[in-house]
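Each remark here refers to the structure printed beneath this line.
Values reported hereafter were calculated over all heavy atoms of this structure, with side chains retained and with hydrogens, waters and symmetry mates removed. When a residue number appears, it is its place in the shown sequence, counting from 1.
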Amino acid sequence: MTATASAAAAARTAASASVPACRLCGAELTRTFVDLGMSPPCEAILRADQIDQGETFYPLNVRICMQCLLVQLPAYVAETEIFDDYAYFSSFSTSWVEHARQYVEKATDRLGLDAGSSFVVEVASNDGYLLQHVQAQGIRCLGIEPSRTVAEAAVAKGIPTLVEFLGEQSGRTVRAEHGPADLVVANNVFAHVPDIVDFAKGLRALVADDGRVTIEIPHLLRLIEGNEYDTIYHEHFSYLSLLTTQRVLAAAGLTVVDVEELASHGGSLRTWSAPTETVESGRVVPTAAVAEVLAAEADFGLHSVEGHDGFAEQVAQVRDDFVSFLLDARRAGKRVVAYGAPGKGNTLLNHCGVRADLLEFAVDRNPYKHGRFLPGTHIPVHAPEALDAARPDYVVIMPWNLRKEISAQLAPVADWGGKLVVALPHLEVFEPGT
């Protein structure tokens, strides 16, 4: 072999070694779903003393596995770095707390849970937004939450909470100490774990043989359909269809027996799963809803690699429209601010290259964020009262999935002639309260 050929072979080997592997089936991830460039971790909100320091930006290059079809972001950022000091508190969303209350009421009736003998575990239990409703019914419960910041808020409410990342081994340990759970809840966390199969095995370890596991996930079909690309960020490692969710759960010994389509987070799925051996024995029969959602996904194209094409072009159009609006507002001398400082908003702002010259500041109900600055963009975050003082011309609702709730809260913006804006699923300017 010549020196040139040897060098070429070495280069091919190095390139192959750098290709990430699918977290479900292990195949090489060579096909891009959408590339949003570079961005800092979306919840890495900055203190004032940090804004003159360097920030680390990581790729947001989402791939699709050509073997199993799992859409995924390689683990560019370790989950311990993301969740050890987490700034998201679920209880600050009134509608999400109500969503949890309704779920607990439904699950209690469906499964016949009672205060005398039942046990409920929630994984990624955050600040106790859901388990507080379980506890109110007198049902024994336990939260498992990796972020000490929000776990302490749950404990302060009297909700027993373990600070722990779930995996098969930790699930077995919890089961050995607390017993098997009649219901295991995992809301908007399934996509947040890099080792999704080990996490699913942890769910199986927690649940009783006749119990149920419910998982809520943003539905990939709705993400594509609604241009919801701001839900792509480093703590979301996987972007799931029902088909790929089934495949992950099957690897852990769980079978989807029912599915609900929800409006939350721009369109989500709630899957109900049972231990596979229970389904195979005939004691549990999957509902027709499972086949119906799978058929809808197949019709949309999600059961083929090629059916995922075209999303990058949709994303580019959203970016162009939003940036054009901000530039036009600036040229016209209008003041633009943001309501809400969620992680998803930081994906949008960084991808669009927006800074404080185009979007003056953000307000948020979470006091943890007040006096801090958004990652990458360094846009300052204030308390909601800052809106009244500034009286801006436009208020951009960053958590657009809560548009109805927030629009009602911002009805007073109309008093000074201000208008509200959402960038997704497409740019829209509208009157407050509508």
Side-chain angles (χ1 to χ4, degrees), residues 23-24 33-34 36 62-65 68-73 93 95-96 99-100 102-103 106 123-124 185-193 196 199-200 203 213-233 235-250 254-273 286-312 314-315 318 342-344 347-348 399-404 422 424-426:
R23 59 177 46 95
L24 174 55
F33 172 62
V34 65
L36 302 182
V62 183
R63 319 292 179 91
I64 178 171
C65 178
C68 70
L69 300 180
L70 180 62
V71 175
Q72 57 200 283
L73 186 68
S93 171
S95 62
W96 187 242
H99 174 86
Q102 292 178 12
Y103 162 79
K106 178 176 184 175
V123 184
V185 186
N187 283 351
N188 295 298
V189 62
F190 204 50
H192 288 65
V193 287
I196 196 170
F199 180 84
L203 297 175
V213 174
T214 67
I215 297 171
E216 290 188 22
I217 51 169
H219 193 187
L220 178 63
L221 188 156
R222 302 304 171 203
L223 184 154
I224 297 172
E225 184 180 60
N227 296 331
E228 300 166 6
Y229 83 90
D230 61 341
T231 59
I232 295 172
Y233 39 88
E235 67 188 60
H236 280 175
F237 295 100
S238 302
Y239 302 84
L240 296 146
S241 63
L242 178 57
L243 178 69
T244 53
T245 299
Q246 281 184 317
R247 289 172 171 172
V248 174
L249 292 173
L254 291 166
T255 297
V256 176
V257 296
D258 196 11
V259 62
E260 301 172 65
E261 295 187 84
L262 308 173
S264 57
H265 296 286
S268 297
L269 297 179
R270 177 188 290 148
T271 60
W272 296 73
S273 300
T287 69
V290 176
E292 290 169 1
V293 173
L294 287 172
E297 289 182 349
D299 289 344
F300 193 78
L302 294 188
H303 293 184
S304 71
V305 173
E306 294 75 19
H308 294 74
D309 292 343
F311 185 59
Q314 297 174 210
V315 166
V318 171
K344 61 167 54 183
T347 291
L348 175 70
W400 52 265
N401 55 301
L402 301 176
R403 168 179 168 164
K404 184 176 181 181
V422 291
L424 294 162
H426 54 82

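Going from atom CD1 of Ile196 over to atom CG of Leu70 covers 6.5 Å, rounded to the nearest 0.5 Å. Interatomic distance, CH2 of Trp272 versus OG1 of Thr287, reported as 11.0 Å (0.5 Å rounding). Rounded to the nearest 0.5 Å, atoms CG (Asn401) and OG (Ser268) are 8.5 Å apart. Atom CG in Asn227 sits 7.0 Å away from atom CG in Leu424 (nearest 0.5 Å). Between the CG atom in Leu203 and the OG atom in Ser273 there is a gap of 8.5 Å [rounded to 0.5 Å]. We find the CZ-CD1 distance between Phe311 and Ile64 to be 12.0 Å, quoted to the nearest 0.5 Å.
In this pair, His99 and Trp96 present their aromatic rings parallel. The plane angle is below 30°, not in the 30 to 60° band. Aromatic ring pairs are classed by plane angle as parallel below 30°, tilted from 30° to 60° and perpendicular above 60°; the pair His308 and Phe33 is perpendicular.
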Give the intermediate values and the outcome of side-chain contact (heavy atoms from CB on, under 4.5 Å) for residues Leu24 and Gln72.
-> CA-CA 10 Å; Leu24 174 55; Gln72 57 200 283; 5.9 Å; no

Assess whether side-chain contact (heavy atoms from CB on, under 4.5 Å) is satisfied between Thr271 and Asp258, documenting all intermediate values.
-> CA-CA 6 Å; Thr271 60; Asp258 196 11; over 6 Å; no

Take Leu302 and Ile224 through the test side-chain contact (heavy atoms from CB on, under 4.5 Å) and record every step on the way to the result.
-> CA-CA 10 Å; Leu302 294 188; Ile224 297 172; 3.8 Å; yes

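With hydrogens and angles ignored, the 3.5 Å screen pairs a side-chain donor or acceptor of Glu297 with a backbone N or O of Leu243. Of the possible polar contacts, none joining the Glu292 side chain to the Val290 backbone as a donor-acceptor pair under 3.5 Å is found. Not a single donor-acceptor pair under 3.5 Å links the side chain of His192 to the backbone N or O of Phe237. Put simply, the side chain of Thr245 gets close to the backbone of Ser241: a donor and an acceptor are under 3.5 Å apart.
The minimum heavy-atom distance between Leu221 and Ala296, with the atom names listed, is CD1-O, 3.9 Å. Of all the heavy atoms in Thr347 and Tyr229, the pair that sits closest is CG2-O, 3.8 Å. Here the closest heavy-atom approach between residue Val422 and residue Arg403 is recorded as CG2-NH1, 4.0 Å. The two residues Val123 and Val189 have their closest heavy-atom pair at O-CG1, 4.1 Å. Shortest non-hydrogen contact noted between Cys68 and Thr244 is O-CG2, 3.7 Å. Scanning all heavy atoms of the two residues, the minimum distance from Ser238 to Arg23 falls at OG-CD, 3.5 Å.
Of the charged side-chain nitrogens involved, at least one lies within less than 4.0 Å of a carboxylate oxygen, so that Glu260 and Lys106 count as a salt-bridged pair.
Side-chain atoms of Tyr103 and Thr214 include a donor-acceptor pair closer than 3.5 Å. In the model, His219 has no side-chain atom that pairs as donor or acceptor with a side-chain atom of Glu261 under 3.5 Å. Looking only at atom types and distance, the side chain of His426 has no donor-acceptor partner in the side chain of Gln314 under 3.5 Å away. Between the side chains of Trp400 and Glu228, no donor-acceptor pair is found at a separation under 3.5 Å.
Using a 4.5 Å cut-off on side-chain heavy atoms (C-beta onward), Phe190 and Glu216 make no contact. Taking 4.5 Å as the limit, every side-chain heavy atom of Tyr233 sits out of range of all side-chain heavy atoms of Leu36.
Residue Ile215 forms a side-chain contact (heavy atoms from CB on, under 4.5 Å) with just one option from Leu240, Val256, Leu254, Leu249, and that option is Leu249.
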